[in-house]
K.L.:
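I have a structure I would like to understand better, so I am pasting it below and will then ask my questions one at a time.
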Number of protein chains: 2
Amino acid sequence: MTAPPGVSPQRPATIHDVAALSGVAASTVSRALSTPGRVNFRTRARIEAAAAQLKYIPNAQAKALSSGRTKAVAVLVADITNPFYFDIIRGTQLQLKAAGYTQLLVDTEESDEVEVNTVEQLRQTADGVILTASRLSDAALAAVAAKMPVVTINRDIDGVPSVLLDTPTATNQALDHLISLGHSHVAYLGGPETSSSNTRRWAALSEAAKERGVKVVRLGPFAPRTHSGAAAADALVHSGATAGIAFNDLVAIGMLQRLRERGVRVPEDVSIVGCDDIFGADFCSPPLTTVTAPVEQAGRVAVAMLLGKLDAAQGNLPRTQTILPTYLTIRGSTGPAPAAR
Amino acid sequence: MTAPPGVSPQRPATIHDVAALSGVAASTVSRALSTPGRVNFRTRARIEAAAAQLKYIPNAQAKALSSGRTKAVAVLVADITNPFYFDIIRGTQLQLKAAGYTQLLVDTEESDEVEVNTVEQLRQTADGVILTASRLSDAALAAVAAKMPVVTINRDIDGVPSVLLDTPTATNQALDHLISLGHSHVAYLGGPETSSSNTRRWAALSEAAKERGVKVVRLGPFAPRTHSGAAAADALVHSGATAGIAFNDLVAIGMLQRLRERGVRVPEDVSIVGCDDIFGADFCSPPLTTVTAPVEQAGRVAVAMLLGKLDAAQGNLPRTQTILPTYLTIRGSTGPAPAAR
DNA sequence: AAACTCTTGACAACCGATTGCCAAAATTCT
DNA sequence: AGAATTTTGGCAATCGGTTGTCAAGAGTTT
């Protein structure tokens, strides 16, 4: 396209400029551009031509103010440097952009207070909120959801639409994998106590252990960061377990590093399983056996659910929960149990 | 704090509610809450009490519409799943939140078209834009900067404030490091042709090579992703060079994987140097010798510069360029050159 | 051709703040 | 005490759209 023939004003064109140029009222321009059949075909064509000529872009603030909808969605993450969230954010970003929405990204720094304050602030700034791995209490989360449309990821509360990555099932597969390798004493290196997926996973794991008649102890909690892996590794060694299932890959990778420092060989002396299959899980040393989760998809689905909720007539809940399957990816960090001492 | 004694309205309180409750005009409330000395002390106290009781939160849209400032800054990244940007985003996020600004995150998917369209859209939605590793042409970037406040990261254009990570200097250090290990034939595995830091680094590297009398060839371009590392590794092997300096750590890590597959030992057969020191560079195998850059700081500085520009009286340019030093971090991926064949 | 229905487009109020302007009140000065 | 000066607070216009209401014009029916 060549440069348009029209003027190129310093200040962006408003709806009034378009109205003046096409010889109609501002309200007609508004209708022509939104309600299709409300305005004559020829008039609309004229208006659209004028809008194109002036490079008219509707002012989002004015639109939001009068319509009440901001076309923005806030995505809250607990820690933006955690690679787990990268893929979620990319998923939400892609899906939101496709729908013409803007993404407001907020790092809550693992603080429930920041989380609830942010939502309060954003109440009128965003049409809805996606809470990834919320640290809120059930009550606080319910209160938030009562005030504005919310979709959670990895957090299951009655009445709040959610996307769950079904890591417990795959974690049980991991346990079976370890058992088949001869391990009978396994440790779970727990994550934040306020983490819902942590709770769910431990519940599944401890029950599975009971059924299968193996010993699974819970250690921690450990912060979901690589440097916590040192403490986790030491705790694992001290526990006497021959295999560890970590809350997430960050902790698992940190454990790998620490164990190497201590001269504990993986997987010869001890086996390690992570969770999430984050960036780096495939090239650490040894490559990490982990639970692979469709994280980006979780972000996309969460956005789709939220937008569906926004578009739907009030009271119409399209879908209230989506469970995404995960699977076990076996790499080099798990191996046969060492011969009994 | 206990629950406030006041009513708890379903609809958020407006400035008029506060005005009514405190018995003044809406404009007085606005002044009391913004211009400190403009309103009587007692009156202000009364207004603040009313605001607190009603849990009044100013409507951001209305504020933006009438004031012209949105208190939002857009951060554009080329690829959100590239860990390099994680730290930038965290830096911008922290600094923006501290200043009471909202962060709009946009993934431009390495497309200059998306980049320029986004800026056009955001012109009235954000007070300013931070372009990280822009893929725009000089002309397009200048045009964008003429329309709204812009700060770039790793992109140096006259008249546009920028934050530069001084990777060229440290890359030259890397070259010296390799030379001291006996390497005399080095390859540079280039990144996107439209990347400014790629251009700057190669310029510095080729000149340094000339000065030092060693052979440095340029290969590529390679996409800044791990999977491009395979092609980069093959090209490196084919070139006959004994050491490779990669555009970034993603490519370098990808090379490490590919070289291992091919049975080429690192660093015995070939040495690899990365750039950025991203998440994973320290735990890949072997750990990557790389140029460590203060990436999060770059994000923070960029925001500080942008906000300074916004606050400053028009025409007052606080600072136009910040160069952040980087340094060489030597790990396990570099070693003595193999004996000449 | 008259009566009637349907379509179209303009007017104006409104969303929730900010801000220029001015008058009333308080303060200080002579 | 009265005049001059400063402080304080309210009115109303404005930002750029959306949307309810209604009259004029076009089209249809008998």
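Each chain gets a letter, A, B and so on, in the order the sequences are listed, and its residues count up from 1.
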K.L.:
Using atom CG of A/Asn40 as one end and atom P of D/dG27 as the other, report the distance to the nearest whole Å.
P.N.:
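It is 10 Å, rounded to the nearest whole Å.
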
K.L.:
In terms of side-chain geometry, is the basic nitrogen of B/Glu109 or A/Lys97 positioned less than 4.0 Å from the acidic oxygen of its partner?
P.N.:
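Looking at B/Glu109 and A/Lys97, the cut-off is met.
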
K.L.:
Roughly, in whole Å, what's the span from CZ in B/Arg44 to P in D/dG9?
P.N.:
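After rounding, the gap between these two atoms is 11 Å.
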
K.L.:
Side-chain contact, heavy-atom cut-off 4.5 Å: B/Asp112 with B/Thr194?
P.N.:
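When only atoms from C-beta onward are counted, B/Thr194 and B/Asp112 do not touch, as no gap falls below 4.5 Å.
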
K.L.:
Counting just side-chain N and O atoms, does A/Ser30 come under 4.0 Å of either OP1 or OP2 of D/dT18?
P.N.:
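Yes, within the criterion.
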
K.L.:
Ignoring hydrogens and geometry beyond distance, is a side-chain donor-acceptor pair present between A/Thr70 and B/Gln61 at under 3.5 Å?
P.N.:
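No donor-acceptor contact under 3.5 Å links the two side chains.
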
K.L.:
Looking across every strand, which nucleic acid part, if any, lies under 4.0 Å from B/Tyr56 by heavy atom: base, sugar-phosphate, or nothing?
P.N.:
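B/Tyr56: backbone/sugar contact only, no base atoms under 4.0 Å.
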
K.L.:
What integer distance in Å separates A/Asn59:CG from C/dG16:P?
P.N.:
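Interatomic distance, CG of A/Asn59 to P of C/dG16: 16 Å.
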
K.L.:
5'-most contact on DNA chain C: B/Ile57 or B/Arg38, nearest heavy atom basis?
P.N.:
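Going by which nucleotide is closer to the 5' end, it is B/Ile57.
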
K.L.:
With a 4.0 Å cut-off on N to O distance, would you call A/Lys55 and B/Glu120 a salt bridge?
P.N.:
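B/Glu120 and A/Lys55: not salt-bridged.
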
K.L.:
With a 4.0 Å cut-off, would you call A/Asp127 and A/Lys71 a salt bridge?
P.N.:
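No, A/Asp127 and A/Lys71 are not salt-bridged.
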
K.L.:
Start with the C-alpha gap between A/Asp107 and B/Gln93, add the side-chain angles, then the distance that decides, and say whether side chain to side chain donor-acceptor pair (under 3.5 Å) holds.
P.N.:
CA-CA 7 Å; A/Asp107 183 346; B/Gln93 161 74 43; over 6 Å; no

K.L.:
What nucleic acid atoms does A/Ala62 come within less than 4.0 Å of, heavy atoms only: base, sugar-phosphate, or nothing?
P.N.:
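Result for A/Ala62 = base.
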
K.L.:
Could you check B/Arg46 against B/Gln124 and say which one's nearest nucleotide on DNA chain D is further toward the 5' end?
P.N.:
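The residue mapped nearer the 5' terminus is B/Arg46.
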
K.L.:
Under 4.0 Å from OP1 or OP2 of C/dG9: is there any side-chain N or O of A/Thr43 that close?
P.N.:
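Answer yes for this pair, as a side-chain N or O of A/Thr43 is under 4.0 Å from OP1 or OP2.
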
K.L.:
Where the side chain of B/Thr35 meets the backbone of B/Arg38, is there a donor-acceptor pair that is under 3.5 Å apart?
P.N.:
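No: the side chain of B/Thr35 does not pair with the backbone of B/Arg38.
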
K.L.:
With respect to the phosphate group of D/dT19, does any side-chain polar atom (N or O) of A/Ser27 fall under 4.0 Å of OP1 or OP2?
P.N.:
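So the side chain of A/Ser27 is outside the cut-off, no N or O lying under 4.0 Å from OP1 or OP2 of D/dT19.
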
K.L.:
Looking at the side chain of A/Val39, which of C/dG9, D/dG17, C/dA10 is the nearest nucleotide?
P.N.:
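Between C/dG9, D/dG17, C/dA10, the one nearest the side chain of A/Val39 would be C/dG9.
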
K.L.:
Rounded to whole Å, please give me the gap between CG in A/Leu54 and C1' in D/dG16.
P.N.:
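Nearest whole value for this atom pair: 15 Å.
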
K.L.:
Taking the side chain of A/Thr14 as its heavy atoms from C-beta onward, which of D/dG16, D/dG9, C/dA17 lies nearest to it?
P.N.:
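That would be D/dG16.
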
K.L.:
Pairs under 3.5 angstrom only: tabulate donor-acceptor contacts from the side chains of residues 299-307 of chain A to other protein residues two or more places apart or in another chain.
P.N.:
unit_1: A/Arg300; atom_1: NH1; unit_2: A/Glu296; atom_2: OE2; d: 3.2

K.L.:
What is the distance from CG of A/Leu33 to P of C/dT8, rounded to the nearest Å?
P.N.:
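So the CG-P distance, A/Leu33 to C/dT8, works out to 17 Å.
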
K.L.:
Which sits closer to the 5' end of DNA chain D, B/Thr28 or A/Ala26, going by the nucleotide each is nearest to?
P.N.:
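Result: B/Thr28.
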
K.L.:
Report the nucleotide, chosen from C/dG9, D/dG17, C/dT19, that has the shortest atom-to-atom distance to any side-chain atom of B/Arg31.
P.N.:
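The closest nucleotide is C/dT19.
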
K.L.:
Quick one: bend of the helix from C/dA1-D/dT30 to C/dT30-D/dA1 from 5 pairs per end, to 10°?
P.N.:
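End-to-end axis angle: 40°.
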
K.L.:
Within the side chain of A/Asp17, is there an N or O that forms a donor-acceptor pair under 3.5 Å with the backbone of A/Thr14?
P.N.:
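Yes, because the side chain of A/Asp17 sits within donor-acceptor range (under 3.5 Å) of the backbone of A/Thr14.
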
K.L.:
In whole angstrom, what separates A/Arg42's CZ from C/dG9's P?
P.N.:
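In whole Å, C/dG9 P and A/Arg42 CZ are 11 Å from each other.
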
K.L.:
Looking at residues 63-72 of chain B, who's got a heavy atom less than 4.0 Å off DNA chain D?
P.N.:
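When residues 63-72 of chain B is checked for heavy atoms under 4.0 Å from DNA chain D, the hits, listed by number, are B/Leu65, B/Ser66.
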
K.L.:
Under the salt bridge (Lys or Arg N to Asp or Glu O under 4.0 Å) criterion, do B/Arg135 and B/Glu110 qualify, and how do the steps go?
P.N.:
CA-CA 7 Å; B/Arg135 301 299 191 233; B/Glu110 302 267 3; 2.8 Å; yes

K.L.:
Distance check needed: D/dG16 C1' versus A/His16 NE2, whole Å only.
P.N.:
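Whole-Å distance recorded here is 7 Å.
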
